[in-house]
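Only one structure is covered here, and it is reproduced in the block below.
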There are 2 protein chains.
Amino acid sequence: MEKEIELFRGELKKIHLRVTSQRLKIVEAFLKTEKHITCDELYLIVRRNHPDIGYTTVYRTLKLIQETGLAREADLGDKVLRLEHEFGHKHHDHLICLKCGRFFEVFDPDIELLQEKLARKHKFNPIRHKMDIFGYCQKCSLKQ
Amino acid sequence: MEKEIELFRGELKKIHLRVTSQRLKIVEAFLKTEKHITCDELYLIVRRNHPDIGYTTVYRTLKLIQETGLAREADLGDKVLRLEHEFGHKHHDHLICLKCGRFFEVFDPDIELLQEKLARKHKFNPIRHKMDIFGYCQKCSLKQ
DNA sequence: AGTATAATTGAAAATGAATTTCAATTTCAA
DNA sequence: TTGAAATTGAAATTCATTTTCAATTATACT
């Protein structure tokens, strides 16, 4: 976690923003979380230990966390902003269960390659992509 | 378009909903549109010819259009509900330009196959998926 | 240290799309 | 024809996100 915090400090300084105690507390809370957290959820966590940090500050810090590269947006299909850890985490796609809502992170280099080819075929310069497969996880498939 | 409207009528009757003039006008307007329309946009179109149809009715009819299978949700990454024609249109993925916002519909059977395999490998039963590749289209790549 | 400057904070308000409420109206089926 | 049920549209509500603003705090520069 030290590395991430150092990165955060450095990036803030680069753009002449201040490393405040609130921001540090929020980043630390974020780094400790499981993935795909919403702003609201993070606010509730932060508030437990630091009741005087407001929602707005959490929201704004979450934006900074994105900008510094520590997190990326994870769209799970509901229309809520979710962030997942980015630093030291490789790109992956999602299998999302339509019944229980759980999701699994997966990666397939062959698909990645074909995606690149597909884009090129259309004279398109790909930067990033998002692939979510919806269906039923093993447990929910059995229950049905 | 006749076929689609017949389907709509039939589906409504199945669930004991009424085929009203408002609903028909909204469906017709939807069927005439280009793809990936928002509720707001459709409302504005409908209002041109039928000023007495309200936003709420358009919104509710859009839900019905989805339920009857004439449209599917198209998530373009902004958090706005967009619908695209479904009936008679094959599944496809999107190339979305980060600069001009235009998008292109693409399809690659090899990727589809690998997606299926990937899911199976994780004991996951896939139902549908969403794949969006973000980047720069040819025109915007040149301009950069 | 003292001061001017700039950034930060958090409450509250604003925004904007999605959704619900409700009273009035319309349609359907018997 | 009439009672029950569905539909409509304006307005209100919800909910996440984003902005505003006045007060506070930190920083840089004498």
Side-chain angles (χ1 to χ4, degrees), chain A residues 8-30 36-68 71-84, chain B residues 8-30 36-68 71-84:
Chain A
F8 185 69
R9 283 176 177 280
E11 290 297 315
L12 286 193
K13 283 195 177 147
K14 262 191 208 165
I15 47 179
H16 303 289
L17 295 182
R18 289 169 189 168
V19 181
T20 64
S21 69
Q22 287 97 327
R23 283 177 180 164
L24 282 177
K25 285 166 189 163
I26 294 166
V27 177
E28 282 172 27
F30 170 73
H36 306 87
I37 199 168
T38 67
C39 183
D40 217 65
E41 288 163 355
L42 186 59
Y43 168 61
L44 292 177
I45 290 169
V46 168
R47 201 175 57 174
R48 273 188 229 143
N49 298 315
H50 312 287
D52 38 349
I53 293 182
Y55 179 89
T56 313
T57 304
V58 172
Y59 167 77
R60 283 189 283 226
T61 305
L62 223 32
K63 291 277 162 182
L64 290 176
I65 291 174
Q66 274 187 80
E67 285 164 30
T68 56
R72 75 166 77 92
E73 205 172 322
D75 182 355
L76 250 51
D78 51 9
K79 295 193 157 56
V80 189
L81 176 69
R82 286 169 190 280
L83 292 192
E84 62 180 331
Chain B
F8 185 68
R9 283 176 176 280
E11 289 297 315
L12 285 194
K13 283 194 178 149
K14 261 192 210 165
I15 47 179
H16 303 290
L17 295 183
R18 289 170 189 167
V19 180
T20 65
S21 70
Q22 287 98 328
R23 283 178 180 162
L24 281 177
K25 285 166 188 163
I26 294 166
V27 177
E28 281 172 27
F30 171 73
H36 306 87
I37 199 169
T38 65
C39 182
D40 218 64
E41 287 162 355
L42 186 59
Y43 168 61
L44 293 176
I45 290 169
V46 168
R47 203 176 55 174
R48 274 188 228 143
N49 297 316
H50 312 287
D52 38 349
I53 293 182
Y55 178 88
T56 314
T57 304
V58 173
Y59 166 76
R60 282 188 283 224
T61 305
L62 223 33
K63 291 278 163 184
L64 289 177
I65 291 174
Q66 273 186 81
E67 285 164 29
T68 56
R72 75 166 78 92
E73 210 173 302
D75 182 354
L76 248 53
D78 52 7
K79 293 194 160 61
V80 189
L81 176 68
R82 287 168 190 280
L83 293 193
E84 62 180 333

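Quick note on labels: first sequence line is chain A, next is B, and so on, each numbered from 1.
Residue B/Gln22 places none of its side-chain N or O atoms closer than 4.0 Å to OP1 or OP2 of C/dT26. Taking side-chain N and O atoms only, A/Thr20 has no distance below 4.0 Å to OP1 or OP2 of D/dT25.
Scanning DNA chain C for stems, defined as runs of 3 or more consecutive Watson-Crick or G-U wobble pairs whose donor-acceptor distances all fall under 3.5 Å, gives the following ranges: C:1-30 with D:1-30.
At a threshold of 4.0 Å, the pair A/Glu28-A/Lys25 does not count as salt-bridged, since none of the basic side-chain nitrogens sits closer than that to a carboxylate oxygen.
Distance CG (B/Asp78) to P (D/dT17): 14 Å, rounded to an integer number of Å. Whole-Å rounding puts the A/Leu83 CG to D/dT17 P distance at 10 Å. B/Tyr43 has its OH atom 9 Å from the P atom of D/dG9, to the nearest Å. In this structure, B/Leu64 atom CG and D/dT7 atom P are separated by 8 Å, rounded to whole Å.
Using a 4.5 Å heavy-atom threshold, the side chains of A/Ile26 and A/Phe30 count as separate.
Judged purely by atom type and a 3.5 angstrom limit, B/Arg9 has no side-chain atom pairing as donor or acceptor with the backbone of B/Val19.
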Distances under 3.5 Å between protein N/O atoms and the N/O atoms of nucleotides 16-18 of chain C, please, pair by pair.
unit_1 : atom_1 : unit_2  : atom_2 : d
C/dA18 : OP1    : B/Leu81 : N      : 2.8

Could you list, one pair per line, each protein nitrogen or oxygen that sits under 3.5 Å from a nitrogen or oxygen of nucleotides 3-7 of chain C, together with the distance?
unit_1 : atom_1 : unit_2  : atom_2 : d
C/dA7  : O4'    : A/Arg18 : NH1    : 3.1
C/dA7  : O4'    : A/Arg18 : NH2    : 3.3

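Heavy-atom nearest nucleotides on DNA chain C were determined for B/Ser21 and for B/Thr56, and the one closer to the 5' end corresponds to B/Thr56.
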